[in-house]
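Reviewing the structure listed below.
This chain uses plain numbering: 1 for the first residue, then up along the sequence. Atoms within a ligand are numbered from 1 in the order they appear, just like the ligands themselves.
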Amino acid sequence: MTLFDSPSFANHEGVHAFADEKTGLKAIVAVHSTARGPAVGGTRMWNYGSAAEALEDVLRLSRGMSYKNAVADLEMGGGKSVIIGDSKTQKTPELFRAFGRAVDQLGGNYYAAEDVGVSVEDIAQARTQTEYVVGLSGGKEGSGDPSPVTAEGVFRSTLTVARRLWKQDDLTGLTIAVQGIGHVGGYLADKLHAAGAKLIVTDVNVPLLEEVAARTGAEIVAPDAIYDVQADIYAPCALGATLNPQTLDRLTVKAVVGAANNQLATPEIGKILFDRGVLYAPDYVVNGGGIINVASELKARQTGGAYDPAWVEGKLSRLMETLEEVLDRSASEKRPTHEIADAIAEARIKAAAEAKAELAAAA
Ligand code: NAD
């Protein structure tokens, strides 16, 4: 199969491969769409088995960013990049400077940020070579750690779901199973606890678990046991694809609301959840707070302004309205929530592409 026939290619505007012999850089940047603005998405450093595997991953992830950015109503398109290599043993400042020079060649069509295996320090190295990176700390533009904003979005989404399913404005009497209490899950656990939820938590990091349990009164279970607990809501905040054929029959919950990316192993799982009456709040709607936070930094950069928490709050509120629209339409059209979210994102991208084409034709 050629690149153009791959389902993941999905009309990408550009796919760019970069190599730098001196630093060992091997990177692929995929620009899915710039219809709504420059493509923005993280850089993943991963020890891929082959370049083909890396290509497949970057294409899938970059298309996902177009959808996430559109659903969050950001003036940004979707893109992603991958650096092939082991982030624990092969990272050097020179490698990230070479990556910065590669990104710079795209002239602002794509902005890179942190993702799995890539830290704020790595992005700061890239920044020495290009202005086209975001997710930096410090300075008036810097947006810093996005996790608290992501957690706030997941928390508000949980309240939305509680209002719909249990007709209540807080989480009193509800049991929530939180999988992964890292950056987002930790903040989320505190918010859920403060709103009255009873928590069941798991993580592979035992000291972290004990810390969170001590301050929230959460019950701790082993990582694999989280799927079997009696709970009302499952909050995946660790890994992707945890909604899969193996876990589906074990879950007793009435709703899934969590921060993890790509929670559905396949789209069919979303349909099965819908048919079973389990309300799945689509991952990329629920967890869009983080990219909204990053977008504020880009906006500050473009306008010469500063990181603006009020703008972030406005976008987050609008995202929660979009979630309401997704849930309303899912109920009225009798279609799974992930399909409705995709339809909203696709319509927004299409409208922007058409407006851009009209402008170009008029020029
Ligand atoms: P993190 O690495 O800080 O936290 C993940 C936690 O999951 C860690 O504490 C880890 O020990 C735990 N974990 C790993 N394997 C596990 C397992 N098998 N069972 C239970 N726990 C396990 O990551 P994060 O920044 O909190 O992000 C969590 C998820 O949310 C990720 O999927 C990430 O892609 C997604 N996300 C994060 C943000 C953000 O702002 N950080 C934004 C959007 C989406």
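Summary of contacts: the protein heavy atom closest to atom 4 (O) of ligand 1 is G182 CA, 3.3 Å. When hydrogens are left out, the protein atom nearest atom 18 (N) of ligand 1 is L239 CD1, 3.5 Å; that is the closest non-hydrogen contact. The closest protein non-hydrogen atom to atom 40 (O) of ligand 1 is T150 OG1, 2.6 Å. The protein non-hydrogen atom at the shortest distance from atom 16 (C) of ligand 1 is V204 CG1, 3.8 Å. With hydrogens left out, the protein atom closest to atom 35 (C) of ligand 1 is A259 O, 3.3 Å, a heavy atom. The closest protein non-hydrogen atom to atom 19 (N) of ligand 1 is P223 CB, 3.9 Å.
Contacts of C237 with ligand 1, taken as heavy-atom pairs under 4.0 Å, involve the backbone alone.
Close contacts between ligand 1 and P146 involve ligand atoms 40 (O) [criterion: under 4.0 Å to a heavy atom]. Counting the atoms of ligand 1 from 1 in the order shown, those under 4.0 Å from a heavy atom of A238 are 7 (O), 13 (N), 21 (N), 22 (C), 29 (C), 31 (C), 32 (O).
Side chain to side chain, E321 and S317 fail the donor-acceptor criterion of an N or O pair below 3.5 Å. One side chain, S8 or E56, offers a donor N or O that lies under 3.5 Å from an acceptor on the other. Checking N262 against D283 by side-chain atom types alone, no donor-acceptor pair falls below 3.5 Å. In this structure, a donor-acceptor pair under 3.5 Å is absent between the side chains of T242 and Y227.
Taking a distance limit of 4.0 Å, we find that atom 2 (O) of ligand 1 is approached by no protein heavy atom.
The shortest N/O to N/O separation between N261 and ligand 1 falls below 3.5 Å. Looking at ligand 1, you'll find an N or O of V184 within less than 3.5 Å of one of its N or O atoms. In terms of N/O distances under 3.5 Å, ligand 1 is approached by S147. Taking any N or O of H183, backbone or side chain, at least one lies under 3.5 Å from an N or O belonging to ligand 1.
Here the straight-line distance linking atom CZ of R335 with atom NZ of K271 works out to 11.0 Å at 0.5 Å rounding. Note that the CZ atom of R44 and the CD1 atom of I84 stand 13.5 Å from one another [nearest 0.5 Å].
Here R164 pairs with D328 in a salt bridge; the nearest charged N to carboxylate O distance falls below 4.0 Å. Between R36 and E75 there is no salt bridge, since no side-chain nitrogen of the basic residue lies less than 4.0 Å from a carboxylate oxygen of the acidic one.
Below 30°, between 30° and 60°, or above 60°: for H16 and F18 the angle between ring planes is below 30°, a parallel geometry.
Summarising the contacts of atom 9 (O) of ligand 1 with D283, V212, D203, the nearest heavy atom is found in D203.
Among I83, T128, L25, the single residue meeting the side-chain contact (heavy atoms from CB on, under 4.5 Å) criterion with F96 is I83.
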